[in-house]
Amino acid sequence: KPISAELLRAKLRAAARALNLQRENARQRAALERYFQAAEEEQKVASHLMQRLVQTDMLRDSAIEYRITPASHLSGDVIAAARTPGNVMYLLLADSTGHGLAASLGVMPVVQPFYSMTQKGFGLSTIVREVNRKVREWLPVGRFVAAPLISIDPREGQLLVWNGGTPPVVLLDADGRELQRFHSRNLPLG
């Protein structure tokens, strides 16, 4: 049976629409692939910077055992440890608001002053004030970093805990029994 001219035109229009949809789909797939490649590259660069910033060799101290499991590969969760010239151990666990790249950038103004001031022997309260100043200076309004900072002086048998906006820090004995909780009495940094 012969096809009418109208039916033929309708079939050609439908085929042209299908071809245009396939082209648009291919264009969108390519744009999405470029976006994901750029995001992956950003993650690699940020992850490299974070690894350089967080001095993981300090975490190899025999007095430290830790486990950190962030929600994503790149996050605002960071643990840092350093010793003062007088062999006092300082610990920091920082949790920046948000997720991913933005959150990981949020801990950058925290880590550098923590390490440099600890290595120079500054006291815990001085470090907290300076880190807070840096966070306020560098992060936009509405962004903050919750963090406990801990000082352990084995020679004096002294433990100091400053908790800014995190759940309680729990001190356990050698058998894993709870000895004390250090509740947050301070606002987060920033």
Side-chain angles (χ1 to χ4, degrees), residues 50-100 102-190:
M50 287 304 294
Q51 287 175 359
R52 296 281 314 242
L53 186 64
V54 176
Q55 299 172 18
T56 55
D57 58 316
M58 301 286 206
L59 294 173
R60 292 191 189 101
D61 190 300
S62 63
I64 299 173
E65 269 187 55
Y66 72 97
R67 184 181 76 191
I68 189 164
T69 51
S72 64
H73 176 66
L74 193 59
S75 72
D77 301 330
V78 91
I79 187 169
R83 289 191 181 267
T84 67
N87 204 32
V88 176
M89 171 69 75
Y90 281 8
L91 302 165
L92 162 75
L93 176 62
D95 182 6
S96 178
T97 51
H99 300 284
S104 68
L105 293 174
V107 293
M108 287 187 161
V110 173
V111 176
Q112 189 277 328
F114 168 79
Y115 281 125
S116 65
M117 293 180 77
T118 297
Q119 290 164 353
K120 291 175 185 171
F122 283 93
L124 199 62
S125 61
T126 304
I127 294 172
V128 168
R129 280 194 302 276
E130 176 60 17
V131 169
N132 190 52
R133 188 189 70 73
K134 288 275 191 191
V135 171
R136 281 195 331 263
E137 178 183 330
W138 287 93
L139 295 186
V141 172
R143 294 289 181 158
F144 58 87
V145 179
L149 281 89
I150 301 166
S151 167
I152 303 168
D153 186 344
R155 191 183 60 216
E156 297 292 325
Q158 187 177 46
L159 172 74
L160 299 174
V161 178
W162 181 91
N163 187 346
T166 67
V169 173
V170 180
L171 176 64
L172 304 174
D173 68 11
D175 296 322
R177 288 185 301 259
E178 182 177 316
L179 295 176
Q180 188 171 350
R181 285 180 177 253
F182 300 89
H183 295 274
S184 174
R185 289 178 172 57
N186 304 284
L187 293 172
L189 300 164

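Numbering starts at 1 and runs along the sequence shown. From a predicted model like this one, the values you see are computed outputs, not experimental measurements.
- Counting all heavy atoms, side chain and backbone alike, Asn87 lies closest to Pro154 at O-CD, 4.1 Å.
- Val128 has its side chain within reach of Leu189: a pair of non-hydrogen atoms, C-beta onward, lies under 4.5 Å apart.
- Among all heavy-atom pairs drawn from Tyr90 and Phe122, the shortest one is OH-O, 3.0 Å.
- Atom-to-atom distance recorded for Arg136:CZ and Phe144:CZ is 15.0 Å, nearest 0.5 angstrom.
- With hydrogens and angles disregarded, no donor-acceptor distance shorter than 3.5 Å links the side chain of Arg143 to the backbone of Ser96.
- Under 4.0 Å is where a charged nitrogen must lie from a carboxylate oxygen, and between Lys134 and Glu137 no such pair does.
- Residues Val145 and Leu139 form a side-chain contact, since some pair of their non-hydrogen atoms from C-beta on lies under 4.5 Å apart.
- Taking CZ of Phe114 as the start and CD of Gln119 as the end, the distance is 9.0 Å to the nearest 0.5 Å.
- The CG atom of Leu171 sits 6.0 Å away from the CG atom of Leu159 when rounded to the nearest 0.5 Å.
- A distance of 11.0 Å separates OG1 of Thr166 from NE2 of His183, quoted to the nearest 0.5 Å.
- Separation of atoms CE (Met89) and OG1 (Thr118) is listed at 10.5 Å; rounding is to 0.5 Å.
- Other residues, nucleotides and ligands place no more than 12 heavy atoms under 6.0 Å from the CG atom of Leu187.
- Using a 4.5 Å heavy-atom cutoff, the side chains of Val110 and Leu92 are in contact.
- In plain terms, the two heavy atoms of Gly86 and Arg155 that are nearest each other are O-NH1, 3.7 Å.
- Judged purely by atom type and a 3.5 angstrom limit, Asn163 has no side-chain atom pairing as donor or acceptor with the backbone of Pro148.
- Here the closest heavy-atom approach between residue Gly165 and residue Ser184 is recorded as N-OG, 2.8 Å.
- Contact between Ala80 and Tyr115 at its shortest, heavy atoms only, is CB-OH, 3.4 Å.
- With rounding to the nearest 0.5 angstrom, the CG atom of Leu124 is 5.5 Å from the CG atom of Leu149.
- One N or O on the side chain of Asp173 and one on the backbone of Asp175 form a donor-acceptor pair closer than 3.5 Å.
- Of all heavy-atom pairs between Glu178 and Leu172, the closest is CA-CD2, 3.7 Å.
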